[in-house]
Each structure stands twice: as structure tokens, then as C-alpha cells.
Amino acid sequence: MTTHLSFLLLGLILSAGLSSLWDSDMKAAAKPQIKKQAFGKTADQKTVDIYTLTNANGVEARIMTYGGAVVSLKVPDRNGKLGDVVLGYDRLDGYLKNNPYFGSIIGRYGNRIARGRFSLNGREYKLAQNNGENHLHGGIKGFDKVIWKAGEVNSKDGVGLKLTYISKDGEEGYPGNLSVTVTYTLTNNNELMIDYSATTDKETIVNLTHHSYFNLAGEGSILNHELMINADRFTPVDQGLIPTGELRSVKRTPMDFTQATTIGARIDQPDEQLIAGRGYDHNWVLNRSDNGLTLAARVYEPVTGRVMEVYTTEPGLQFYSGNFLDGSITGKGGQVYHRRYGFCLETQHFPDSPNKPNFPSTVLKPGEKYSTRTIYKFTTK
Ligand code: GLA
């Protein structure tokens, strides 16, 4: 009898112990964390690391030090199943060989500067003309092709990765030593928050952005995604995709996304702007009452139920519908990226601002601090 009792007791104690062990294990799995691994080496033998950030819900972002690029981003669908919603490569190799800015940090100047020229204080600066006669995304070796220094951060908002880079005076033709910090934070609200800051020792121009190609279904065409852009106006472009300087109403044009509309609904209309962009590749002028964080766009993918909202402190949003993808890239998991299989929502100052006095200024002076924030938030419906 006593033996039986003591066995029973032992059993009870053991199972209680095991279940509390199991509990703490579950908690450990749900604890936000960040893990560093080697991802490969560049042609000049520089080491590239990749960091895996996981939040309390199991949402996972992998970010590498080459280009500060988001390599994968796994978020739940409406059944809780995680899926990767950004395009890219499985291995570093692909990024080094042929990279249309997959997930990259873009700088020193995101988007185009006409003829690669601008003037500051009466002096003309010449930049690389790497997009026809225009300058695009920081030049030949922009911030998407440099190795960033990385440090892990744990803040009240979540786990983060702080990336820093010093762009030397004259690099890619830009004046001033620019000290740049980009911090990615994966919050427990399923947000990827990006904080950009920069200081300079000589007057210069700065316009930093993020170039993930999203596909909320995880694969296939993006034309059935529904998009809302919080903008009544956009900046029409010429044949070289340089803004004309006009801020034009979106009303009664295929650029009107004030009400959620599928991306594919009007994309092939014989519209002069869509023809110039080979689809959507334009900057929208965000509606805002102050310069705080504002909802810029919302995207809904009906099959998976995934919703992505973009919030930003920036005045503009480039919506690019992946028009230049042409099936020549085989990306993650052997997926072939055909035309319009991914879209970008690049928060920014307007393209060619340095040559457009009526656009918000992109000039940064010594003693000032460039500081912007963009949040990509994931939910389902
Ligand atoms: C931006 C540009 C596009 C294109 C893509 C990358 O969105 O506006 O024209 O260059 O980047 O291909």
C-alpha cells in the first residue's frame, strides 16, 4: 500500500516536473530571438553574415550584411501557416551575380536623378549614369552592394539588427562623408520596422529606402493582390521615368488606388503613364496632415488572407509592379520570377528631388540628422 502510494506520488511529482519543463520549453520557443550565421563570401573574400530574427509569434526575418538585405520574411496566412512573402535567392551567390535589388537597402539616393547631375551651393556634381542617361538607386555600387556592420539590439519593441555604414566623401560621386545607420526591428505585433538615420560632414543629398519585392501569396503573379495607396496625387514621369515636376491628381486615372483595387485591374490600359513605366513604376504623393508616421498603403492577398500595411514618415511612395522581372531569374526554392511576380513599395522622397525645387528637399547639412521610419505590418483577414 505504502509502496503504491509512494509510486503514485513519485509519478505525480515527475509528471508535474516534466510538464513545467515542457512549459518553459514552449516559452523559450516563443521568446523573441536573434541568431547569427555565416552566409558566404564576396568575390573579394569578405565575409557576409545572415541574422535570423524571430518574434514571440514565430514570425521570422532573415537579414544579411551584404546590402543589408531582407533575404526572407515568414509571416502567417489566415490559418496561421507561415510563408515567405519576399523574393530573393537561397544563397549569397545569386545576390552577387544578378540582383534587381532584392530586399536591399537603397542609397545614397533611392530612385532616379536626371542625367546623374545635381547642384549644391553652386557646384555641380556628376553621378554614375547607370539607368540609360539617368542615375538610379545610388549608382554602380550603391548601398545595396556594400557590406554593413551589424550589431544585435534588444529593445522594448522587439529584437533588432542595427546596421551601420560609412559612405566616403566622393563615393559614387556624392559629396560628404555620410555615416548611415539602418535598424531593423521585428516587433511582437508582426511588424518589420525600419529606422534610417544619417549625418554628414559636408552638405549632401540623402534618400534611403527598402527594396523588398513582396508577394503575399508566396508565389505566382501579384496581379490579384488588392492595393490601396493613401494618396490623391502622384508625380507623372517622362519616358526615362523622371518626374516632370507636376503633382497630378489620380482621379479618373489608373493611378487611383484611394479605394482598394486589384493591381492587375488597369495595369495594361493604354495609358501614357503606364506605357512609360511598362506598368506601375511611379511615385505617389502621400496624403498627410503632419510629418509623423502615416498609413501609406495596404495590400490584401485574397487566397492566403495576408494583409500588409505600410506606415511611413516619408512624403512619397514608389509602387513598382515588378515590370522588369522577365523569367530570367530562378530564385528561392527554384521559383522562376516572371514579370509581375513581386511588387515593391518603396517609401521615399520623390525621384529627382535634387533637380526639382518644388519637391520636398533631400539636402542634409552638417549638424543635421536625417531620420525616417517605415513599418511593414502583417495581419490577416
Ligand atoms: C525601382 C525603379 C524601377 C526599377 C526597380 C528595380 O522601383 O523605379 O524602375 O529600377 O527599382 O528594377
Side-chain angles (χ1 to χ4, degrees), residues 67-70 86-89 94-95 97-116 127-145 172 194 207-215 222 225 227 229 231 234-244 255 257 263 267 273-286 296-297 299 310 312 314-329 331 337-356 359 362 374 376:
V70 173
V86 295
L87 274 50
Y89 291 103
Y95 290 94
K97 284 191 187 133
N98 181 13
N99 183 13
Y101 311 98
F102 284 141
S104 312
I105 296 171
I106 306 292
R108 194 179 289 201
Y109 196 96
N111 214 279
R112 292 174 179 77
I113 296 176
R115 297 172 53 245
L127 309 170
Q129 291 167 288
N130 60 325
N131 185 255
E133 61 166 6
N134 301 321
H135 178 81
L136 177 68
H137 291 336
I140 313 279
K141 190 175 179 186
F143 293 178
D144 58 298
K145 292 180 192 69
E172 292 296 317
I194 314 180
N207 185 27
L208 306 177
T209 190
H210 174 73
H211 210 292
S212 271
Y213 287 71
F214 295 98
N215 184 322
I222 48 101
H225 286 55
L227 171 67
I229 303 179
F234 74 108
T235 51
V237 290
D238 66 15
Q239 291 308 311
L241 297 188
I242 297 293
T244 59
M255 314 311 264
F257 284 96
I263 293 175
I267 200 167
Q273 285 298 311
L274 289 174
I275 291 166
R278 302 183 73 229
Y280 294 105
D281 194 351
H282 297 78
N283 170 70
W284 272 256
V285 179
L286 296 173
V299 191
V310 185
T312 190
E314 288 281 14
L317 178 75
Q318 185 84 8
F319 163 44
Y320 168 57
S321 52
N323 312 308
F324 297 125
L325 296 174
D326 60 4
S328 62
I329 291 179
Y337 297 142
H338 293 287
R339 187 161 191 233
R340 301 173 178 164
Y341 268 36
F343 65 91
C344 302
L345 291 174
E346 305 154 63
T347 55
Q348 61 183 7
H349 270 57
F350 310 165
D352 202 30
S353 296
N355 296 306
K356 298 283 185 311
F359 285 180
T362 50
T374 292
Y376 296 93

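Predicted model, so just to flag it, every value in this text is computed and none were measured. When a ligand or atom number is given, it counts from 1 through the structure's own listing order.
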Would you confirm whether the ring centroid of [Y] sits within less than 6.0 angstrom of the ring centroid of [X]?
X      : Y      : value
Tyr109 : His137 : no
Tyr101 : Tyr213 : no
His211 : Phe102 : no
Phe319 : Phe234 : no

Identity and distance of the protein heavy atom lying nearest [atom]:
atom                    : value
atom 2 (C) of ligand 1  : Asp281 OD1, 3.5 Å
atom 7 (O) of ligand 1  : Glu346 OE2, 2.8 Å
atom 10 (O) of ligand 1 : Leu136 CD2, 3.4 Å

Open item on the list: Taking side chain to side chain donor-acceptor pair (under 3.5 Å) as the criterion, tell me which of Thr235, Asp281, Asn283 meets it with Gln318.
Closed with: Asp281
Task: Polar proximity ligand 1 side, Asn111 side, N/O cut 3.5 Å exclusive - done: yes
Taking 4.0 angstrom as the limit and counting only heavy atoms of [X], give me the atoms of ligand 1 inside it, by number and element.
X      : answer
Tyr213 : 6 (C), 12 (O)
His211 : 1 (C), 5 (C), 6 (C), 7 (O), 11 (O)
Arg112 : 2 (C), 3 (C), 8 (O), 9 (O), 10 (O)

Open item on the list: Within the 4.5 Å heavy-atom criterion, are His349 and Glu314 side-chain neighbours or not?
Closed with: yes
Open item on the list: Looking at Lys141, is its backbone amide N or carbonyl O close enough to the side chain of Glu172 to form a donor-acceptor pair, meaning the two atoms are under 3.5 Å apart?
Closed with: yes
Task: Region of Phe343 that comes within reach of ligand 1 [heavy atoms, distance under 4.0 Å] - done: neither
TODO: Select the closest option to atom 1 (C) of ligand 1 among Gln348, His137, His282, Gln318, judged by heavy-atom distance.
DONE: His137
